[in-house]
Number of protein chains: 2
Amino acid sequence: MVSVTGGEPLVLTIAGARALPSGPFESGHRSLQSGVRAWVEQQTHHPVGYVEQLYTFADRDRTEAAARVISISYLGLTRQARPGGDAAASWQSWYRYFPWEDHRAGAPAAVERLIAPALRDWAGSAPSLGGRRERRQRAGVNFGLDGHAWNEELVLQRYELLYEVGVVAEATRGSDRTCAAPAPGEPMLHDHRRILATGIARLRAKIKYRPVVFELMPPSFTLLQLQQSVEALAGQRMHKQNFRRLIEQQELVEETGRIATETGGRPAKLFRFRRAVQQERAFAGTKLPVTRGP
Amino acid sequence: MVSVTGGEPLVLTIAGARALPSGPFESGHRSLQSGVRAWVEQQTHHPVGYVEQLYTFADRDRTEAAARVISISYLGLTRQARPGGDAAASWQSWYRYFPWEDHRAGAPAAVERLIAPALRDWAGSAPSLGGRRERRQRAGVNFGLDGHAWNEELVLQRYELLYEVGVVAEATRGSDRTCAAPAPGEPMLHDHRRILATGIARLRAKIKYRPVVFELMPPSFTLLQLQQSVEALAGQRMHKQNFRRLIEQQELVEETGRIATETGGRPAKLFRFRRAVQQERAFAGTKLPVTRGP
DNA sequence: CCTGGAAATGCTCGATATGAGCATAAGGAG
DNA sequence: CTCCTTATGCTCATATCGAGCATTTCCAGG
């Protein structure tokens, strides 16, 4: 479950903020999707705006037990992020687990100080010259080093790279090694941090071609609030005027006629999501040079 | 398993071309993905170029049996499409099951003659005025009617719409109704046609932002062959010159130095895929107006 | 050898979309 | 009344996209 409140992307956690909510497979529902939705709503008393299947894991080395467990992970979006009845559950900023993913105030210092050196060491320790070159390139592409641009969608690839490099706490669990130079970021139980990385990556990709952000917004909002929600998810700052142009030209929103005055500056128009666009248009990234005529 | 041969998109089938290959869950592998890859290669003796998890189904009304079965569907791509050792397996054009998806020679006549009238009847039979309008709009968006543009990615939505309308053979199985005006296209067992639709949709979306077509191409190829493979998958014709421009400007291919002469016209340069691009770049659809400087 | 057909390849041109930034408006705090 | 802050409007250069013209280079057939 993901929410955005006050410009922070929040994720619902349990077990002292060290695990994602999970439940047993219930067979009372028509589909898995509806089962997940009902389960979350019952657990958190939040209406769930959007649910999407993420990935199914059944890897043998995933759990300590010999029995293979199949886990089907889901991404859910909700508007409200108040602590529910369950005291063990809490909302946490997802940057608590992935501090290197937040580039809203520029590249985090932790990347420079901790991650980049670890990546350099790792790249330099490859046996062959080609291997070193390949590792350096992979590190550069994933973390936006060596002149590569930062790509906010590579959340999972970055986490897996850090895992391979061995600076992720989860990577050394069960082995006799300890994490020599741990990367910043809280670990989670089992492979929950990997699942969360998958979810963040999916969401960051999705906001670009489907109007899912609105599932996280209150019924009416200013364009700055909308922008800040997108920035929270993408972990990047947006160009304000161009962001407005994008939203308005796509006719995703309409004015409510009301005005928000607590902006700190000039009052802002309040907008609401035009639900009709979901029916009018099919959102899909068009890129291929198709022919029009006969 | 999907392949492309001679400009036709092929899918590996079993059971007299009425089902997709499937197998039991094998626990000998490190991950599901590697298990699937090994299983397919063992069954078909084809090297599998690419494997991706599609979706996990566990819907109760999915099978006749009371026991709930979890099926994890995968999409695989391979270069070769020769009948393997298993005589029950065969490669079939996927348009055999979805004739309405092939717009390479314009909108298929079957859409006009069979599907559009059925959709009109269905839209007209909604109880309320708003419902009729909504249904008409949904039909228009999905099938490119009423001035809407055809969107080749909506494979699953179209199949599910036809299912709801009741013109799909699978929709009436088990009930006492028969399919009054069946839509064209061969049915499949269980929900395999739905899984295939999911796979086609995923592949059609993916070729736009990831260089997966090359998994289906021989080691060297002409740009026309490449274009025809994309056209086979997308079910649409491309603008030849713009297609080349797109491929070349992205530096996805490099010349082999050799020439193909059996083109029917001027000989064509042979190209090969630049595998290096997979490392150099991170492919992702960028759309958000991020800020560059400080 | 010459000609027409077919495909390959090169290039242009207008319409949009995108990135970046200037300028003005309209609140509140002091 | 002034400054600070955010909202909002607008411009401009550049990249990208859709469409189509033009030329090249092979083969087949007279």
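Just so it is clear, the values below take in all heavy atoms, side chains as well, and ignore hydrogens, waters and symmetry mates. Each chain gets a letter, A, B and so on, in the order the sequences are listed, and its residues count up from 1.
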**Base-contact (B) and sugar-phosphate-only (S) positions in nucleotides 3-13 of chain C, heavy-atom cut-off under 4.0 Å, - elsewhere** = ---BBBBBBB-
Show me the donor-acceptor pairs, under 3.5 Å and distance only, between side chains in residues 104-111 of chain A and residues at least two apart or in other chains.
from     : atom 1 : to       : atom 2 : distance (Å)
A/Arg104 : NE     : A/Asp102 : OD1    : 2.9
A/Arg104 : NH1    : A/Gly7   : O      : 2.7
A/Arg104 : NH2    : A/Glu8   : OE2    : 2.6
A/Arg104 : NH2    : A/Asp102 : OD2    : 3.1

Return the polar atom pairs (N/O with N/O) between nucleotides 28-30 of chain D and the protein under 3.5 Å, or none.
none

**Request:** Take atom CE of A/Met238 and atom C1' of C/dA20, then tell me their distance rounded to the nearest Å.
**Result:** 16 Å
**Message:** Tell me the interatomic distance from A/Arg237, atom CZ, to C/dA20, atom P, rounded to whole angstroms.
**Reply:** 14 Å
**Asked** In whole angstrom, what separates A/Gln228's CD from D/dT6's P?
**Response** 9 Å
**Item:** Test item: B/Ser220 side-chain N/O and B/Leu270 main-chain N/O as donor-acceptor pair under 3.5 Å
**Value:** no
**ring-ring contact (aromatic ring centres under 6.0 Å, His included): pairs with one or both residues in residues 255-282 of chain A, sequence neighbours excluded** = A/Phe214-A/Phe273
Scan the side chains in residues 140-148 of chain A for donor-acceptor partners under 3.5 Å anywhere in the protein, sequence neighbours excluded, and list what turns up.
from     : atom 1 : to       : atom 2 : distance (Å)
A/Asn142 : ND2    : A/Arg138 : O      : 3.2

**Asked** On DNA chain C, nearest-nucleotide positions of A/Thr261 versus A/Leu246: which is more 5'?
**Response** A/Leu246
**Asked** Starting at CD1 of A/Ile247 and ending at P of C/dA17, how long is that distance when rounded to a whole Å?
**Response** 15 Å
**Request:** Grab the two heavy atoms, one from B/Trp91 and one from B/Val2, that are nearest each other, plus how far apart they are.
**Result:** CZ3-C, 4.1 Å
**Request:** Only counting residues at least two apart or in another chain, list the ones meeting ring pair (Phe, Tyr, Trp, His ring centres under 6.0 Å) with A/Tyr95.
**Result:** none
**All side-chain hydrogen bond (donor to acceptor under 3.5 Å, both in side chains) counterparts of A/Lys269, not counting sequence neighbours** = A/Glu255
**Asked** With sequence neighbours left out, what residues match A/Arg237 under side-chain hydrogen bond (donor to acceptor under 3.5 Å, both in side chains)?
**Response** none
**Request:** Identify, with sequence neighbours excluded, every residue that meets side-chain hydrogen bond (donor to acceptor under 3.5 Å, both in side chains) alongside A/Gln225.
**Result:** none
**Request:** Give, ordered by number, those residues of residues 251-258 of chain A having at least one heavy-atom distance below 4.0 Å to an atom of DNA chain D; if nothing qualifies, reply none.
**Result:** none
**Fill in**
Applying side-chain hydrogen bond (donor to acceptor under 3.5 Å, both in side chains) to B/Gln250 and not counting sequence neighbours gives none
**Prompt:** Residues two or more places apart in sequence or in another chain: which of them pass side-chain contact (heavy atoms from CB on, under 4.5 Å) with B/Glu262?
**Reply:** B/Ala260
